[in-house]
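Order of appearance sets the numbers: ligands from 1, and atoms from 1 within every ligand. Residue numbers run from 1 in the order of the sequence given.
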Amino acid sequence: MTQRTALITGGMGGLGTVLCQHLHSLGYQVATTYVHDSGREKRWQSEQEKLGYAGMREYPCDVTDLQACRQLFERTSADLGTVDCLVNMAGITRDSQFVKMEEKDWLDVIGTNLIGVFNVTRQYVAPMIENGFGRIVNISSVNAAKGQFGQTNYSAAKSGMHGFTKSLALEVARKGVTVNTVSPGYVETEMVLKIDEKIRDKIRNSIPVQRFGDPLEIARAVAFLLDDKAGYITGSELAVNGGLHMQ
Ligand code: CAA
Ligand code: NAP
């Protein structure tokens with residue numbers, strides 16, 4: 001079978017690293033992006049190599065910067081050819097009650113979590129259509145449709161992401177390209193560890209399965225949708241949140 005190439009934006013974060021490892025184990029050529037250039041990407045790469053995940057590729061790209069996304073596309077095309085699978089994983093939070101929210105917190109979150117999806121996907125979707133095959137997975141959140149105290153910016157961006165998923169899915173359905181959303185619940189990465197401990201404990205207790213998620217549980221859901229055999233699933237949202245969306 002042809003080896004598929006997967007690009008994961010924000011793939012050096014808590015969820016992204018495990019997704020890169022999982023896809024590598026499944027035989028994908030894996031590429032990812034990083035923003036803050038302080039040698040971290042070299043440390044990340046060497047850590048992954050030590051763990052047995054050799055040959056993953058890293059590219060600098062701030063997803064809020066359209067020009068940087070164009071350069072990312074040029075570099076991945078030159079190195080790897082067509083990217084078959086794209087996972088829009090790059091994301092940030094800037095939580096605050098709306099009455100206290102600064103314009104910057106609003107713009108930064110919409111810019112990274114939603115505009116970033118346009119900037120990256122816009123580069124990769126045409127070659128997928130041309131190739132007659134493509135898989136796009138957008139990482140949203142349980143807090144998109146559900147809403148969360150302090151997350152007007154994040155919920156708006158993550159809900160927008162799923163609207164984007166459904167509309168793009170319609171446009172490319174006849175071309176062998178699927179577009180889906182995975183909406184994780186709370187997984188104990190840096191993003192969640194930033195929440196005040198007392199609030200975090202309250203959130204954990206409100207989750208029907210009574211625990212936070214494991215990054216591998218999210219990675220498995222994403223891999224399921226990226227699979228060649230998942231061609232009949234498009235425009236859908238896969239909730240992986242321990243039942244929190246029903247609370
Ligand atoms: N519902 C109702 N009222 C709430 C509330 C809630 N969920 N949370 C707080 N309040 C109330 C408090 O009881 C308090 O009321 P009083 O003034 O009457 O005492 C008031 O709101 C102020 O609360 P805080 O002191 O907590 O407000 P703050 O401004 O200091 O903090 C906040 C606000 C930073 C948003 C904080 O509430 C918080 O961190 N909340 C959790 C947000 C969250 O879940 N973020 C997820 C990040 S991880 C992620 O996003 C990944 C993912 O996709 C799941
Ligand atoms: P994380 O550890 O903080 O990772 C976030 C990743 O996004 C990092 O690799 C970061 O890169 C990258 N990133 C941030 N700004 C970027 C930008 N402008 N351009 C390119 N990349 C950027 O968080 P995580 O928990 O793994 O979250 C990953 C995704 O899952 C996010 O979209 C998040 O909203 C979503 N999610 C997480 C949870 C959860 O519970 N953890 C739940 C639901 C959804 P740098 O480190 O280089 O800045």
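- Using a 4.0 Å cutoff on heavy atoms, Y154 counts as a contact of ligand 2.
- Considering backbone and side-chain N/O of Q97, one or more are found under 3.5 Å from N/O of ligand 1.
- One distance of note links SG of C69 with CD of E74; it measures 11.5 Å at 0.5 Å rounding.
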Exercise for review: Evaluate salt bridge (charged side-chain N to carboxylate O under 4.0 Å, His left out) for E217 paired with R211, printing each intermediate quantity in order.
Suggested key: CA-CA 13 Å; E217 292 173 312; R211 65 170 175 84; 2.8 Å; yes
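- At least one donor-acceptor pair closer than 3.5 Å links the side chain of N153 to the backbone N or O of D105.
- With no hydrogens or angles considered, a side-chain donor-acceptor pair links Y124 and T76 at under 3.5 Å.
- Judged by the 6.0 Å distance and 45° axis criteria, R122 is not positioned over the aromatic ring of F73.
- Looking from atom 1 (P) of ligand 2 to the surrounding protein, the closest heavy atom is G14 N, 4.0 Å.
- Summarising the contacts of atom 14 (C) of ligand 2 with I139, I92, L193, V87, the nearest heavy atom is found in I92.
- Distances shorter than 4.0 angstrom occur between a heavy atom of S140 and an atom of ligand 2.
- Ligand 2 has no atom lying under 4.0 Å from any heavy atom of E188.
- Inclusion of K158 in the set of residues having an N or O under 3.5 Å from an N or O of ligand 2 is warranted.
- Closest heavy-atom approach to atom 28 (C) of ligand 2 among the candidates M191, E41, M89: M89.
- Atom 19 (N) of ligand 2 has its closest protein heavy atom at V63 N, 2.9 Å.
- Residue contact check for ligand 1: R200 places no non-hydrogen atom closer than 4.0 Å to it.
- Contact annotation for V192 and ligand 2: only side-chain heavy atoms (C-beta onward) come within less than 4.0 Å of the ligand.
- In terms of protein heavy atoms, atom 26 (O) of ligand 1 is closest to I199 CD1, 4.0 Å.
- Shortest contact from atom 26 (O) of ligand 2 to any protein heavy atom: L15 N, 2.8 Å.
- Atom numbering of ligand 1 starts at 1 in the shown order; those under 4.0 Å from a heavy atom of S141 are 52 (C), 53 (O), 54 (C).
- For atom 39 (C) of ligand 2, the nearest protein heavy atom lies under 4.0 Å away.
- The closest protein non-hydrogen atom to atom 51 (C) of ligand 1 is Y154 OH, 3.6 Å.
- The number of heavy-atom neighbours closer than 6.0 Å to NZ of K175, taken from other residues, nucleotides and ligands shown, is 12 or below.
- Comment: D201 does not engage K198 in a salt bridge, judged by the lack of any side-chain N to carboxylate O separation of less than 4.0 angstrom.
- Using a 3.5 Å distance cut-off with no hydrogens or angles, the side chains of N143 and Y186 do pair a donor with an acceptor.
- Salt bridge status for R4 with D228: present, with a side-chain N to carboxylate O gap under 4.0 Å.
- In this structure, atom 2 (C) of ligand 1 lies nearest to the protein heavy atom F149 CD1, 3.7 Å.
- Scanning all protein heavy atoms for the shortest distance to atom 46 (C) of ligand 1 gives Q151 NE2, 3.3 Å.
- When each atom of ligand 2 is checked for a heavy atom of Y186 under 4.0 Å away, the hits are 40 (O).
- Around the CD atom of Q247, the shell of radius 6.0 Å holds more than 12 heavy atoms that belong to other residues, nucleotides or ligands.
- For K158, no heavy-atom contact with ligand 1 is shorter than 4.0 Å.
- With a heavy-atom cut-off of 4.0 Å, I203 touches ligand 1 through its side chain alone.
- Evaluated for a side-chain hydrogen bond (donor to acceptor under 3.5 Å, both in side chains) with N88, the options N138, T165, T181 yield exactly one hit, N138.
- Distances below 4.0 Å separate heavy atoms of C61 from the following atoms of ligand 2: 19 (N), 20 (C).
- Here is the list of ligand 1 atoms found below 4.0 Å of a heavy atom in Q148: 43 (C), 44 (O).
- Every atom of ligand 2 is numbered from 1 in the order shown, and the set under 4.0 Å from a heavy atom of V35 is 11 (O), 16 (C), 17 (C), 19 (N), 20 (C), 21 (N), 22 (C), 45 (P), 47 (O), 48 (O).
- Atom 47 (O) of ligand 2 has its nearest heavy-atom neighbour, among M12, M161, R40, in R40.
- Considering T189, D95, T93 only, the shortest heavy-atom separation from atom 34 (C) of ligand 1 involves D95.
- Summarising the local packing, CD of Q210 is surrounded by more than 12 heavy atoms from other residues, nucleotides or ligands at distances under 6.0 Å.
- Checking only distances, N143 never comes within under 3.5 Å of ligand 1, N or O to N or O.
- Atoms of ligand 2 found under 4.0 Å from any heavy atom of P184 (numbered from 1 in listed order, with element): 42 (C), 43 (C), 44 (C).
- Between Y186 and ligand 1, a contact under 3.5 Å exists for at least one N or O pair.
- Not a single heavy atom of G111 sits under 4.0 Å from any atom of ligand 2.
- Short contacts between ligand 1 and V192, defined as distances under 4.0 Å to a heavy atom of the residue, involve ligand atoms 48 (S).
- Remark: the T32 side chain and the E58 side chain contain no N/O donor-acceptor pair separated by less than 3.5 Å.
- In the hydrophobic clustering of this structure, L80 groups with V125; members are Ile, Leu, Val, Met, Phe, Trp, Tyr whose side-chain heavy atoms approach within less than 4.5 Å, directly or through other members.
- In the candidate list G13, G213, A90, A90 is nearest to atom 21 (N) of ligand 2, counting heavy atoms.
- Counting the atoms of ligand 1 from 1 in the order shown, those under 4.0 Å from a heavy atom of G150 are 35 (C).
- When the heavy atoms of D62, N113, I8 are ranked by distance to atom 17 (C) of ligand 2, first place goes to D62.
- Only side-chain heavy atoms of K100 come within less than 4.0 Å of ligand 1; its backbone N, CA, C and O stay farther off.
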